[in-house]
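Beneath this line is the structure, given in structure tokens, with notes to follow.
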Protein chains: 2
Amino acid sequence: MATIERNTTLAAQIRQSLEMQIDSKLLQPGVKLPSERELSELFDTTRTTVKEALLAMEAEGRVYCEDRRGWFVAPPRLIYNPLYRSPFHQIVTEQKRQLETLVLSSRTIVATPTLCQELALPTLSRVNEVTRLRKLDGRVVLLARHYLKPERFPGILEHDLSQSLTTLYEQQYGVRYGRSRFEINPTAAWGEVAQALMLTEGSPILLISCVNYDQHGEIIDCDHEYWRHDAVRILVDSQELERMKANTLL
Amino acid sequence: MATIERNTTLAAQIRQSLEMQIDSKLLQPGVKLPSERELSELFDTTRTTVKEALLAMEAEGRVYCEDRRGWFVAPPRLIYNPLYRSPFHQIVTEQKRQLETLVLSSRTIVATPTLCQELALPTLSRVNEVTRLRKLDGRVVLLARHYLKPERFPGILEHDLSQSLTTLYEQQYGVRYGRSRFEINPTAAWGEVAQALMLTEGSPILLISCVNYDQHGEIIDCDHEYWRHDAVRILVDSQELERMKANTLL
DNA sequence: TTGCTCCTTTGGTCTAGTCCAGATTTGAAC
DNA sequence: GTTCAAATCTGGACTAGACCAAAGGAGCAA
């Protein structure tokens with residue numbers, strides 16, 4: 001009766017073996033695994049097969065890979081509610097994690113057609129773009145690009161953009177978040193995004209696009225958030241919106 | 001127009017080449033690509049390299065693979081709002097797509113610890129499990145498992161479960177959806193899930209877990225939805241909740 | 001038509017390498 | 001200590017195959 005159908009493939013055995021090590025805490029989150037070459041010797045096989053096992057574990061979010069640096073045990077996912085527009089720093093610290101923000105660039109650009117549509121702008125409008133890289137407990141997990149209307153936030157690019165934009169909006173411009181809208185797309189990382197997230201070109205990522213409105217229902221800005229897919233779990237509760245609204249009205 | 005950028009890698013060239021064919025509509029959504037062997041001959045390379053290109057395109061949602069059947073051009077994603085609990089059939093037809101539902105199993109089981117927590121049940125409770133496979137324009141895209149409290153829906157397993165559960169709840173039991181809560185996890189497909197979705201073990205998928213409440217705030221049921229990641233785009237608008245609530249109150 | 005085999009095609013799994021580019025480390029010069 | 005170049009280590013890209021299992025089609029029989 002208790003015929004445990006052994007997963008026959010070699011890659012599956014490697015996977016099980018590594019998972020046991022992780023589950024038993026012998027391999028702690030963030031710790032580097034032995035190199036693909038070492039693992040292939042250890043399991044008496046080739047790099048190809050080891051890689052296959054690692055890719056499947058990566059898809060599940062058990063391990064992650066940093067380009068040419070190695071494979072690591074994945075920490076627990078950050079729980080994230082894109083509707084809940086509180087300062088990101090707060091979300092992170094509430095979960096007892098540590099956040100680090102790097103401003104990669106901030107400039108004024110001509111909006112792409114997609115952007116014009118998202119921000120309800122006429123074609124060839126200029127927008128401010130702020131690109132920031134976020135690290136969770138020292139690990140790069142998110143590349144966020146914010147796009148804002150220049151006339152709405154004059155001179156914002158002169159401020160320190162490594163702090164919370166939410167706070168900056170409110171304190172410097174008296175703008176507060178109201179409702180918002182978001183979209184989630186599982187997609188692949190290319191070019192700058194892949195580089196910044198230390199991913200190989202074509203790796204699967206999660207793209208979260210938010211459009212945010214102020215207390216008067218006017219569009220404030222939008223974000224394109226490129227997440228390492230193993231680093232996040234999206235959670236949305238329709239009841240939480242009640243609380244949010246209460247806060248906004250205060 | 002069609003500028004072939006000199007992306008260095010061979011896999012990137014194959015990708016660009018295939019993408020051009022798709023973009024130019026020479027390869028229509030749902031059409032089968034030549035086999036990996038044929039492509040490797042065509043591009044004068046090996047299956048390994050062709051596969052690398054295809055995997056990257058799959059991650060992006062441009063193509064998809066069905067286990068031992070071949071590679072196909074991916075149709076547009078279904079836009080889906082997990083908070084908006086209208087009959088799934090309706091969501092699909094509104095987007096001019098065709099839905100097919102197969103009931104894979106319906107039975108009473110002992111709830112797993114996770115399930116007990118989600119449904120706020122005491123340990124070792126029994127729940128009804130309904131497993132359904134959904135096809136979009138003939139293609140398998142979603143495996144959904146519904147878990148419901150038996151005492152809440154006596155004899156429900158005797159009904160035709162290929163129709164809308166929302167409608168069945170309302171018409172047979174007078175239960176209507178109120179608020180809900182959902183979670184999105186990018187993860188990997190194993191065992192039955194992989195088989196049902198015609199995926200290879202360890203392929204990346206999207207797991208959407210919903211907990212649904214009735215008009216009185218009592219838990220009705222929960223779903224575990226295993227989506228082919230290329231088939232769906234999640235869209236949530238906090239304003240839409242206003243409309244929803246208005247509907248519920250009527 | 002229905003059911004059944006058998007064969008072909010397909011991707012899945014795996015071997016055993018090679019060469020390359022970027023990241024890291026090491027160690028010597030300053 | 002600091003700086004910088006060289007050596008080493010890592011995964012990325014790629015070759016050229018092999019065998020396997022499942023899907024699908026062809027053809028035959030009831």
Side-chain angles (χ1 to χ4, degrees), chain A residues 5-16 31-59 63-72 138-140 188-192 194-204, chain B residues 6-16 31-59 63-72 138-140 188-192 194-204 228:
Chain A
E5 269 294 74
R6 269 288 150 216
N7 262 332
T8 44
T9 74
L10 183 47
Q13 284 168 41
I14 296 172
R15 230 175 43 221
Q16 289 183 335
V31 161
K32 187 174 169 307
L33 296 180
S35 73
E36 292 180 2
R37 270 170 258 256
E38 280 178 87
L39 286 172
S40 63
E41 257 185 65
L42 194 62
F43 289 99
D44 199 28
T45 180
T46 56
R47 269 182 71 198
T48 317
T49 305
V50 166
K51 186 150 198 166
E52 198 193 313
L54 290 169
L55 283 174
M57 290 176 73
E58 186 188 38
V63 298
Y64 64 94
C65 184
E66 288 189 353
D67 196 279
R68 271 168 258 256
R69 289 193 1 102
W71 291 87
F72 304 83
R139 172 192 169 207
V140 173
W190 305 110
E192 289 171 54
Q195 275 202 319
L197 292 175
M198 300 208 268
L199 286 166
T200 313
E201 299 263 321
S203 295
Chain B
R6 281 273 150 232
N7 250 332
T8 46
T9 74
L10 181 47
Q13 284 170 41
I14 297 173
R15 231 173 44 219
Q16 289 186 335
V31 162
K32 189 176 168 306
L33 296 181
S35 73
E36 291 181 3
R37 268 171 261 253
E38 280 178 85
L39 287 172
S40 63
E41 259 186 65
L42 194 63
F43 289 100
D44 199 30
T45 179
T46 56
R47 270 183 70 199
T48 316
T49 305
V50 166
K51 186 151 198 165
E52 197 193 315
L54 290 169
L55 283 173
M57 290 176 73
E58 185 187 40
V63 299
Y64 64 94
C65 185
E66 287 188 355
D67 195 279
R68 269 167 257 258
R69 290 195 357 104
W71 291 87
F72 304 83
R139 173 190 168 210
V140 174
W190 306 112
E192 289 171 53
Q195 275 202 319
L197 292 176
M198 301 207 268
L199 286 167
T200 313
E201 300 262 322
S203 295
R228 286 195 75 124

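We name chains A, B, ... by the order of the sequence lines, and we start the count at 1 in each one. Values below: every heavy atom of this structure, side chains too, minus hydrogens, waters and symmetry copies.
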Sugar-phosphate or base contact per nucleotide [nucleotides 16-23 of chain D; S, B, -; heavy atom under 4.0 Å]: B-B--BSS
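B:Arg37 pairs by the side-chain hydrogen bond (donor to acceptor under 3.5 Å, both in side chains) definition with nothing, not counting sequence neighbours. For the ring pair (Phe, Tyr, Trp, His ring centres under 6.0 Å) test, residues two or more places apart in sequence or in another chain that qualify with B:Phe72 are B:Tyr64. Residues satisfying the side-chain hydrogen bond (donor to acceptor under 3.5 Å, both in side chains) test with A:Thr46, not counting sequence neighbours, are A:Thr49. Applying the side-chain hydrogen bond (donor to acceptor under 3.5 Å, both in side chains) criterion to A:Glu36, with sequence neighbours excluded, gives A:Arg47, A:Trp71.
Note: B:Gln195 CD to B:Glu201 CD = 7.5 Å, rounded to the nearest 0.5 Å.
Of the candidates C:dG11, C:dC14, D:dG12, D:dG12 carries the atom nearest the A:Cys65 side chain, counting heavy atoms from C-beta on. Side-chain atoms of A:Thr49 lie closest to C:dT15 of the nucleotides D:dG11, C:dT15, C:dT13.
Taking only side-chain nitrogens and oxygens, B:Thr200 never comes nearer than 4.0 Å to OP1 or OP2 of C:dG11. Taking 4.0 angstrom as the limit, A:Ser35 places none of its side-chain polar atoms (N or O) nearer than this to OP1 or OP2 of D:dC9.
No donor-acceptor pair under 3.5 Å is formed between the side chain of A:Thr200 and the backbone N or O of A:Ser203.
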Write down the protein N/O and nucleotide N/O pairs, taken from nucleotides 4-7 of chain C, whose separation is under 3.5 Å; answer none if there are no such pairs.
none

